[in-house]
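The chains referred to below are lettered A, B, ... by the order of the sequence lines, with proteins before strands, and numbering in each begins at 1.
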Amino acid sequence: MNARIERDNIVTQALGQIGACGLFLLQILAAIPRSLRYVRETVRQLWFVGAMSLTIIMVCGLFVGMVLALQLYHVLSIFGGTAATGTVVAISIYRELGPVITALLFAGRAGTAITAEIGLMRATDQIAAMELMAVDPLAYVAAPRFLAGLIALPLLCCVFSALGIFGGHLVGVTWLGIDNGTFWSNMTATVDVWKDIISGVVWKSLAFGAVVALIAVFQGYTAPPTSEGVAYATTRTVVASSIAILALDFVLTAFLM
Amino acid sequence: MNAAAPSDDTLIRIRGLTTVLSGKKVFDALDMDIPRGKVTAIMGPSGTGKTTLLKHITGQMRGDAGQVQVDGKNVPELGREALYALREKIGYLFQNSALLTDFDVFENVAFPLRQHTRLPEVLIRNIVLTKLQAVGLRGAAQLAPSELSGGMARRVALARAIVFDPMLILYDEPFVGLDPIALNQVLKLIRTLNETLGITSVLVAHELDAIKQVADHIFLIANGKVVAQGDPKTIAGDGSPWTRQFFGGEADGPVPFQYPAGDYAEALGFPRSGA
């Protein structure tokens, strides 16, 4: 009986969080026109969540491409299809691994930072101080970070994909001896700009960017003003973002296929 | 609709303010008139809602009933734009300073100017340095908030609160953490701002000696109401049990020292008396 009540509470709480998050999204969207006067703040956040995430995105992209080429080469060699290694690496990265892994890394690197920063701003009355100085914190704090996430993730996904394919080339061509011309010509002949690159790198990344940035800002904005509250909010950002990214990936893949 | 505009000498008029928080009645039909151009102190035992009252005045909180009129406008009825327009005319000093940690001291003081004006950089610089000079921290303009002591941070927050020369400044515990030199300077500054610019000041504080030096009028609130009011010289001697206990620092009186709790002996595990 107690277990059932507890389960019901968890479900109610989760649904309540999703509803509150949806209402918060509407508030941010309404605040975006007002936030346009804080362009410098948006650019500053773009630097913080985008440019400062480049190292982790580039390194991870390179290694994902290298591992993918190595695994595929050995599987494809069973069927005598090693010439398709470049193609499969590219399609895997463009359609799935690029947007998904970039979004997961972004949630861990930038999402947590956004949540912790806003949570501490609230705990130290900085948000209240802005309100009392007649500066709308939704327009000055929340909207620029949301926009920065929305813009940064597709750009980071492009970098991740480029480095991933470079990593695949490094292993496939330089190390395992696949012909350089075959690697590139098979890839360019098979990869479709609209179906593979636009739907994966652009649409999925935009959706993931919006979701991760929204969750990060929402968790920070609603974090209890205690050290434990901020810590939990930061954890929730990673957990909720990861689940949302993977669930949304399934939905988007079903629609974009 | 706003009620009738207050007379010229009343900047803040509170009528029948009732607020219930977590089942506890913080204000019970509170009435209060805060005069324009004076220094008014709000005192009372801890937990009586002094900071909460400031939050009602700035529109951060809304009561369950009653009116809070500031400069003729009923704050709970104001929309976002009107509320922000009113807040531009109010300076607020937080208990914990609430400096923006991403900016240095200079940018913290310049922040309201940059957000609400299009003043040239030279003028912003001059205004900010003037305010920092007034609080004795012009030399600290380039320091980060993390490099300041608690007292210094409070003085920077004060410089930020007065940067717009507001019509009203609300000070929430302004004297906590100040050394005697800084305390005297802040007292002088509050008095000077009041006398030279006609700024109305409302202080929430416990330091009776400091309040006596600077305040024109004192409200003592307890149990959700104003229990005593008057000028600093006469209020302590009005003879009521509230003022006798509060200004005399006595443990016994209408304000209980102990937070409501169950039987002490039982909590310690002893048998209840008479059982």
Considering heavy atoms only, which positions within [range] lie below 4.5 Å of chain B?
{"range": "residues 14-37 of chain A", "value": "A:R34, A:R37"}
{"range": "residues 146-167 of chain A", "value": "none"}
{"range": "residues 117-141 of chain A", "value": "A:E117, A:T124, A:D125, A:Q126, A:A128, A:A129, A:M130, A:E131, A:L132, A:M133, A:A134, A:V135, A:D136, A:P137, A:Y140"}
{"range": "residues 198-234 of chain A", "value": "none"}

What part of [X] gets within 4.5 angstrom of chain A, counting heavy atoms only: side chain, backbone, both, or neither?
{"X": "B:S97", "value": "neither"}
{"X": "B:L99", "value": "backbone"}
{"X": "B:F111", "value": "side chain"}

Only pairs of heavy atoms separated by less than 4.5 Å count here; which of [options] has the most with chain A?
{"options": "B:E88, B:R160, B:H116", "result": "B:H116"}
{"options": "B:T58, B:D102, B:I90", "result": "B:D102"}
{"options": "B:K55, B:R80, B:Q60", "result": "B:R80"}

Should the heavy atoms of other residues, nucleotides or ligands under 6.0 Å from [atom1] of [X] be counted, would the total exceed 12?
{"X": "A:R44", "atom1": "CZ", "result": "yes"}
{"X": "A:R40", "atom1": "CZ", "result": "no"}
{"X": "A:M58", "atom1": "CE", "result": "no"}

